[in-house]
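Just so you know, these numbers use all the heavy atoms, side chains as well, and skip hydrogens, waters and symmetry mates.
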Amino acid sequence: MIKPTPTDDPQILFSTATGEICLDLPSPYIPHRATGLLHLPRFIAKIRKHLAGTLPKSYRRNFCKGFDRFLCMHLGVEPQAVIDAVKNATSDDDLDARLLAIFPKDLRVAKWNREIVQKGMSEMGRESLDAAKKKMEALDRTDIISFADMIDFDEGRIP
C-alpha cells in the first residue's frame, strides 16, 4: 500500500489510499509551544510547505480545511491571517508574537484540545472514520478511534 515516490524524497512516501504522505509533519497531538493548542504546529508546518511550494497535492486538497479550518473557527480568525503571520515572521519567537496578536486572549485551550482528540467519536464521526479506515485497509484497527489517530496512522506514527 505504501511505496517511495518517484522523487525518492526520504520525507515523502506514497499511499495508494491517500496519495503522497509527508513524514516530516508534526502529529496533530503535538501542542504549540506558546499556546498549548494541539494541531497548530502541524498547521504551521503545512503553511511553511505551502509557502515553499512543496505541499503535496494530497495535502493541498484539505489545506485550510478540516482541522486547519476547525482550529481557525475555534480561534475566530481566518486561515489567511495565520498564513500571513507565518509568511511575515522572522523567527519562531516572532511568529509566536504575531499569532498571539491575532488570536483571542482566551484561547480556550482545553476545549479545543478535547474537541480535536475526539473528532470522529460521535455517531456520525464514527461512520466517516470507518469509511476512511476502510479506504486505508485498516477497518479492523480498534486502536484508531479518532481522525487525529487516522492522521498518525497514515503518516506512520501508529504502526
Side-chain angles (χ1 to χ4, degrees), residues 5 7 9-15 17-122 124-129 131-132 135-136 144-158:
T5 61
T7 63
D9 181 336
Q11 295 302 320
I12 298 179
L13 293 180
F14 183 84
S15 163
T18 58
E20 289 176 292
I21 300 169
C22 293
L23 301 177
D24 57 345
L25 290 175
S27 166
Y29 288 113
I30 301 294
H32 183 256
R33 69 187 204 139
T35 66
L37 293 164
L38 298 180
H39 183 71
L40 183 54
R42 180 181 180 81
F43 186 31
I44 291 168
K46 288 180 1 184
I47 291 169
R48 287 179 172 146
K49 284 183 173 292
H50 165 75
L51 293 172
T54 60
L55 188 66
K57 183 179 179 182
S58 56
Y59 288 82
R60 287 192 306 259
R61 92 177 134 241
N62 285 319
F63 181 60
C64 294
K65 299 175 187 162
F67 283 2
D68 303 345
R69 184 74 181 156
F70 291 137
L71 175 60
C72 290
M73 288 171 52
H74 171 82
L75 295 168
V77 299
E78 288 297 320
Q80 188 61 50
V82 182
I83 292 169
D84 291 344
V86 173
K87 181 179 183 178
N88 296 318
T90 57
S91 67
D92 286 341
D93 289 337
D94 183 39
L95 176 58
D96 293 346
R98 289 172 184 272
L99 292 174
L100 290 171
I102 63 171
F103 291 170
K105 297 292 179 224
D106 181 5
L107 299 173
R108 301 171 299 145
V109 175
K111 181 181 187 308
W112 167 253
N113 289 352
R114 181 176 53 254
E115 185 178 318
I116 194 167
V117 300
Q118 292 179 353
K119 290 266 187 225
M121 293 183 184
S122 68
M124 191 165 117
R126 282 191 303 274
E127 291 173 11
S128 296
L129 185 63
K135 182 179 178 183
M136 295 184 66
I144 301 170
I145 61 171
S146 70
F147 281 103
D149 289 347
M150 194 80 230
I151 291 168
D152 274 355
F153 174 73
D154 190 36
E155 294 176 353
R157 288 181 287 275
I158 296 177

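- Of all heavy-atom pairs spanning G125 and F147, the tightest one is O-CE1, 3.9 Å.
- F103 CZ to C72 SG: the interatomic distance, rounded to the nearest 0.5 Å, is 7.0 Å.
- Rounding to the nearest 0.5 Å gives a distance of 8.0 Å between CD1 of I47 and CG of L40.
- In this structure, H74 NE2 and L107 CG are separated by 7.0 Å, a value rounded to the nearest 0.5 Å.
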### Task
Test side-chain contact (heavy atoms from CB on, under 4.5 Å) on M136 and I144 and set out the steps.
CA-CA 12 Å; M136 295 184 66; I144 301 170; over 6 Å; no
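- Between R33 and D92 there is no salt bridge, since no side-chain N of the basic residue sits under 4.0 Å from a carboxylate O of the acidic one.
- L95 pairs with exactly one of V82, V86, L100 by the side-chain contact (heavy atoms from CB on, under 4.5 Å) rule, that one being V86.
- Here the closest non-hydrogen pair linking E20 and P56 is OE1-CB, 3.2 Å.
- Shown here for Y59 and E155, the closest heavy-atom pair between the two residues is OH-OE2, 2.8 Å.
- Shortest non-hydrogen contact noted between L75 and P104 is O-CD, 3.1 Å.
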### Task
Mind running side-chain contact (heavy atoms from CB on, under 4.5 Å) on I83 and E78 for me, showing each step along the way?
CA-CA 9 Å; I83 292 169; E78 288 297 320; over 6 Å; no
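- A donor-acceptor distance shorter than 3.5 angstrom exists from the side chain of N113 to the backbone of L38, with no hydrogens or angles considered.
- With rounding to the nearest 0.5 Å, the separation of NZ in K111 from CG in D106 is 11.0 Å.
- Atom OG in S146 sits 10.0 Å away from atom CE in M150 (nearest 0.5 Å).
- R69 places no side-chain N or O within donor-acceptor distance of the main-chain N or O of C64, the cut-off being under 3.5 Å.
- In this structure, OG1 on T90 lies 6.5 Å from CZ on R98, to the nearest 0.5 angstrom.
- Across every non-hydrogen atom of P31 and G36, the tightest pair is CB-O, 3.6 Å.
- Between the side chain of R42 and the main chain of S27, no donor-acceptor pair closer than 3.5 Å is present.
- Put simply, the side chain of I21 does not reach to within 4.5 Å of the side chain of S58, judged on heavy atoms.
- Surrounding CZ of F70 are at most 12 heavy atoms belonging to other residues, nucleotides or ligands under 6.0 Å away.
- A cation-pi arrangement, defined by a distance under 6.0 Å to the six-membered ring centre and an angle within 45 degrees of its axis, is absent between K119 and F67.
- Judged purely by distance below 3.5 Å, without hydrogens or angles, the side chains of H39 and D68 pair a donor atom with an acceptor atom.
- Heavy-atom minimum distance, A45 versus L25: CB-CD2, 3.6 Å.
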